[in-house]
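Below is one structure, written out as structure tokens; comments come after it.
Every number for a ligand or one of its atoms is a count from 1 in the order of the listing. Heads up: numbering here begins at 1 and tracks the sequence. This is a predicted model, so every value here is computed, not measured.
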Amino acid sequence: MSSVAVVPGSFDPITLGHIDVIERATSLFDEVHVVVVHNPDKHALIPIAHRVALIEQSLAERGLQGAGVVINSWSVGLLVDYCTDVGASAIVKGIRSQVDVAYETPMAIVNRNLAGVETIFLLPDPAHAHVSSSLVRQVSALGGDVGPYVPAVVAEFLKHTTD
Ligand code: PNS
């Protein structure tokens with residue numbers, strides 16, 4: 001039986017830190033679903049369909065698309081419902097700091113209680129420890145260079161979005 005994992009997030013936009021985690025997940029699971037989830041607690045910059053397209057292009061650039069990687073969006077219910085639908089046994093999240101541990105732990109426990117889906121925390125390359133989508137959005141909005149933090153297609157997209 002093949003192992004399936006879900007890497008969920010707002011991905012607003014996808015960063016090099018996200019890609020690092022997705023790449024690590026692909027070495028642990030046969031099939032990895034990268035899922036853009038609507039987070040009602042956050043005000044999004046990029047429409048979900050565009051976020052999906054940016055993920056597709058970013059992963060294709062790295063040869064990750066199609067190699068057991070599925071890209072999707074989910075906005076109709078619980079994340080664990082998506083996991084159940086695709087037969088995923090685990091949710092994979094990247095942990096950059098203790099702040100992430102505090103943010104992720106309650107969600108991981110609730111998801112396990114809801115549907116028995118475990119969450120696996122992966123440590124990204126420390127080179128990406130300071131990278132977040134919100135910082136990227138802010139730097140881009142104020143005219144700074146986000147090239148070191150995001151795939152080239154995302155940097156290009158943001159340049160036109162925030163011009
Ligand atoms: O990138 P983010 O915004 O930190 O991702 C958080 C996200 C979207 C993965 C999280 O909010 C989520 O799983 N939302 C889905 C709704 C849900 O299932 N909530 C209950 C369990 S946490």
Side-chain angles (χ1 to χ4, degrees), residues 4-26 28-29 31-59 62 64 69-141 146 149-151 153-155 157-158 161-162:
V4 183
V6 170
V7 181
S10 298
F11 299 109
D12 187 34
I14 188 167
T15 67
L16 296 182
H18 290 130
I19 288 174
D20 184 44
V21 170
I22 293 164
E23 206 154 14
R24 288 173 200 282
T26 61
L28 296 171
F29 292 88
E31 191 174 300
V32 172
H33 290 242
V34 180
V35 185
V36 178
V37 184
H38 170 65
N39 185 345
D41 295 335
K42 293 183 179 172
H43 178 73
L45 171 71
I46 309 172
I48 285 183
H50 286 192
R51 287 182 245 164
V52 168
L54 288 171
I55 293 171
E56 282 169 353
Q57 292 164 46
S58 303
L59 297 187
R62 285 163 175 74
L64 276 171
V69 177
V70 176
I71 301 159
N72 229 329
S73 64
W74 183 251
S75 52
V76 292
L78 292 167
L79 176 64
V80 291
D81 293 337
Y82 180 92
C83 294
T84 305
D85 280 0
V86 301
S89 57
I91 293 166
V92 172
K93 292 286 192 84
I95 292 290
R96 292 161 299 187
S97 68
Q98 288 301 322
V99 175
D100 282 349
V101 175
Y103 173 68
E104 297 291 349
T105 301
M107 291 196 278
I109 292 171
V110 167
N111 284 328
R112 186 168 64 197
N113 289 345
L114 283 168
V117 179
E118 296 288 354
T119 298
I120 295 178
F121 293 140
L122 295 182
L123 300 175
D125 186 322
H128 304 304
H130 56 290
V131 180
S132 69
S133 298
S134 58
L135 210 58
V136 165
R137 290 195 303 274
Q138 190 179 106
V139 169
S140 174
V146 295
Y149 313 122
V150 294
V153 284
V154 174
F157 174 85
L158 288 174
T161 304
T162 52

For this session: Between S10, S132, P8, G94, flag the one that comes closest to atom 1 (O) of ligand 1 by a heavy atom.
Result: S10
Exercise. Is there a protein heavy atom at a distance of less than 4.0 Å from atom 20 (C) of ligand 1?
Worked result: yes
Problem set entry | Distance, nearest 0.5 Å, that separates CD1 of I91 from CG of L79 | 4.5 Å
Exercise. Mind checking whether R62 and I19 have side chains closer than 4.5 Å, heavy atoms only?
Worked result: yes
Exercise. Of the protein's non-hydrogen atoms, which lies at the shortest distance from atom 15 (C) of ligand 1, and what is that distance?
Worked result: V37 CG1, 3.6 Å
Exercise. Which ligand 1 atoms, with their elements, are less than 4.0 angstrom from a heavy-atom of L79?
Worked result: 13 (O), 17 (C), 18 (O)
Problem set entry | Within-shell test, W74 vs ligand 1, heavy atom, strictly < 4.0 Å | no
Exercise. Below 4.5 Å, heavy atoms only, C-beta onward: do V21 and K93 meet side chain to side chain?
Worked result: no
Problem set entry | Per-atom contacts of ligand 1 with Y103, taking only distances under 4.0 Å to non-hydrogen atoms | 2 (P), 3 (O), 4 (O), 6 (C)
Exercise. Of the protein's non-hydrogen atoms, which lies at the shortest distance from atom 10 (C) of ligand 1, and what is that distance?
Worked result: M107 SD, 3.8 Å
Exercise. Is there a side chain to side chain contact (heavy atoms under 4.5 Å, CB included) between D85 and W74 once you walk through the steps?
Worked result: CA-CA 11 Å; D85 280 0; W74 183 251; 3.9 Å; yes
Exercise. Within a reach of under 6.0 Å around OH of Y149, are more than 12 heavy atoms found that belong to other residues, nucleotides or ligands?
Worked result: no
For this session: Take E104 and T119 through the test side chain to side chain contact (heavy atoms under 4.5 Å, CB included) and record every step on the way to the result.
Result: CA-CA 9 Å; E104 297 291 349; T119 298; 5.8 Å; no
For this session: Check whether any side-chain heavy atom of H18 sits under 4.5 Å from a side-chain heavy atom of P124, and report yes or no.
Result: no
Problem set entry | Atoms of ligand 1, numbered as shown, that sit under 4.0 Å from any heavy atom of K42 | 1 (O), 2 (P), 3 (O), 4 (O)
Problem set entry | Element-labelled atoms of ligand 1 that are located less than 4.0 Å from some non-hydrogen atom of N111 | 21 (C)
Problem set entry | Minimum-distance pair of heavy atoms, taken over all atoms of V37 and R51 | O-NH1, 4.4 Å
Exercise. Backbone or side chain, does any N or O of K93 fall under 3.5 Å from an N or O of ligand 1?
Worked result: no
Exercise. Do any N/O atoms on H38 end up under 3.5 angstrom from N/O atoms on ligand 1?
Worked result: no
